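These numbers were taken from a predicted model, which means no experiment stands behind them.
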Amino acid sequence: MFRKLVLIITLIFVSALNANAGSDGELILKKNQPAEVKDCFESLNRATFSFNQALDGVLFQPVASAYRILPSPLKTGVSNSLENLSTLVTIPNNILQGELKKAGVNSGRFIINTTVGILGFIDVAQHLGFPEYEKEDYGQSLATMGVGPGCYLVLPVLGPSTVRDATASVANLIGGDAWYNVTVTNDTQHFSDFDYYASRVTSGIDFRAKNYDAIENLEKNSIDFYASVKSLYLQDRQQKILNTNKIIETQDDSDWEEIETQ
């Protein structure tokens, strides 16, 4: 009950922001420009970044390297399943952003892929001509409502973020993520908290494997790897907020947010 109350208050607060903040694209663009996002906690961020690099070296990199040798159909199926789960966060954010048509399309996509597509393993909706899927999250919703990113933030294990996006992720834990609700919160007889955390870890491995060469090349060719990752992340985040089609060449653009916001 308390979680629901907090969620309702949060949504009311967000709606108030939406009513008072300008939704002009240029304003949103300016607020989210990488140069406008201050690195207020740089010393702490760099320490956390170093910790994440060390963890990557002993865990994610070796596992991702092994994951890459799996048959392509299996890897594609895993990615499809993870993307299908992310729809459960995208749909409420489509609604928050006033994109009711997209919410309907994504609801149809989720139902079709979960049933006919065997829990999302096969993207049947794509073969049926559904529009290309675009992920949305609560941080993006706040941004479209005029809330600035705040300071840049590096989270342990999870990686690059901003104060706004890290704070918005709390919505997932108070009712904003149906997958979290049926696994961790309610722990039904069909799903448990293990299923949720296993999906999160698998998302991290899948992301690392998809971006394996890009990350290695970026680190090798960067004078300051920390600064390069920050710039790349903030540019990508800006594009996702504005739903642009501009692609960043150095990574799998469609996947960058996957391990931070769900």
Side-chain angles (χ1 to χ4, degrees), residues 14 17-18 21-39 45 49 79 82-83 86-87 89-99 101-103 105-106 109 126 130-155 158-169 171-172 203-204 206-208 210-215 217-218 221-222 225-262:
V14 167
L17 286 173
N18 190 31
S23 59
D24 182 81
E26 292 184 4
L27 176 60
I28 296 173
L29 177 65
K30 184 178 186 302
K31 281 187 176 182
N32 289 279
Q33 283 181 351
E36 297 294 323
V37 181
K38 296 181 179 179
D39 197 346
N45 282 341
F49 184 78
S79 293
L82 294 170
E83 190 169 86
S86 73
T87 310
V89 172
T90 292
I91 292 169
N93 281 286
N94 286 146
I95 295 172
L96 281 175
Q97 295 176 34
E99 298 175 333
K101 182 178 179 180
K102 284 187 177 180
V105 169
N106 286 328
R109 172 184 287 277
Q126 182 181 23
F130 276 64
E132 184 177 351
Y133 173 60
E134 295 179 357
K135 296 178 185 177
E136 298 287 349
D137 57 60
Y138 292 100
Q140 286 172 261
S141 291
L142 286 178
T144 60
M145 294 170 184
V147 179
C151 297
Y152 178 66
L153 195 62
V154 179
L155 302 174
L158 302 179
S161 186
T162 61
V163 170
R164 176 196 61 213
D165 295 338
T167 303
S169 295
N172 292 337
S203 292
D206 185 63
F207 164 79
R208 185 64 173 89
K210 284 181 176 179
N211 294 280
Y212 193 94
D213 292 330
I215 291 173
N217 290 333
L218 183 65
N221 297 313
S222 295
F225 187 39
Y226 168 85
S228 296
V229 170
K230 178 178 73 171
S231 177
L232 187 63
Y233 170 79
L234 293 175
Q235 288 178 54
D236 179 73
R237 192 63 175 155
Q238 178 191 45
Q239 291 169 7
K240 282 181 167 59
I241 290 167
L242 296 174
N243 292 323
T244 68
N245 294 320
K246 187 177 179 182
I247 299 297
I248 292 177
E249 299 293 341
T250 54
Q251 57 147 12
D252 186 328
D253 179 69
S254 65
D255 232 28
W256 184 258
E257 289 302 303
E258 195 166 80
I259 60 175
E260 285 87 10
T261 59
Q262 293 178 36

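- In this view, Asp213 and Arg68 satisfy the side chain to side chain donor-acceptor pair (under 3.5 Å) rule, not counting sequence neighbours.
- Considering only heavy atoms from C-beta on, Gln140 comes within 4.5 Å of Arg237 through its side chain.
- Note that CG of Asn217 is 11.5 Å distant from CG of Asn211, once rounded to the nearest 0.5 Å.
- Note that OG1 of Thr90 and CD of Gln97 are 9.5 Å apart. Values are rounded to the nearest 0.5 Å.
- Arg109 contributes atom CZ, which lies 8.5 Å from atom OH of Tyr133 (distance to the nearest 0.5 angstrom).
- Every residue meeting the side-chain contact (heavy atoms from CB on, under 4.5 Å) condition with Ser228, not counting sequence neighbours, appears here in chain and number order: Leu218, Ser222.
- Contact record, Tyr233 with Ser161: OH-CA, 3.5 Å, taken as the closest heavy-atom pair.
- Residues Val163 and Leu153 share a closest heavy-atom pair of N-CB, 4.4 Å.
- In this structure a side-chain-to-backbone donor-acceptor pair under 3.5 Å is present from Arg164 to Val147.
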Apply the test side chain to side chain contact (heavy atoms under 4.5 Å, CB included) to residues Thr162 and Leu234: give CA-CA distance (whole Å), side-chain angles for both, the deciding distance (0.1 Å), then the verdict.
-> CA-CA 9 Å; Thr162 61; Leu234 293 175; 4.0 Å; yes

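- Using a 3.5 Å distance cut-off with no hydrogens or angles, the side chains of Glu83 and Thr87 do not pair a donor with an acceptor.
- Expressed to the nearest 0.5 Å, how far CG of Asp165 lies from CD1 of Ile241 amounts to 6.5 Å.
- Under the rule for a salt bridge (charged side-chain N to carboxylate O under 4.0 Å, His left out), the partners of Arg208 that lie at least two apart in sequence or sit in another chain are Asp56, Glu216.
- Taking the salt bridge (charged side-chain N to carboxylate O under 4.0 Å, His left out) definition, one finds that Lys102 meets it with Glu99, Glu134, sequence neighbours left out.
- For the atom pair Asn45 CG and Asp39 CG, the distance stands at 5.0 Å (nearest 0.5 Å).
- Listed here is the closest heavy atom pair of Val89 and Glu136: CG1-O, 3.8 Å.
- Of all non-hydrogen atoms in Val37 and Gly150, the two that sit nearest each other are CG1-O, 3.5 Å.
- Legend: residues meeting ring pair (Phe, Tyr, Trp, His ring centres under 6.0 Å) with Tyr226, ordered by chain and number and at least two apart, are Phe49.
- Between atom CG of residue Leu96 and atom CE of residue Met145 there is a gap of 5.0 Å, rounded to the nearest 0.5 Å.
- Judged by distance alone, the side chains of Asn93 and Ser141 do bring a donor and an acceptor atom under 3.5 Å apart.
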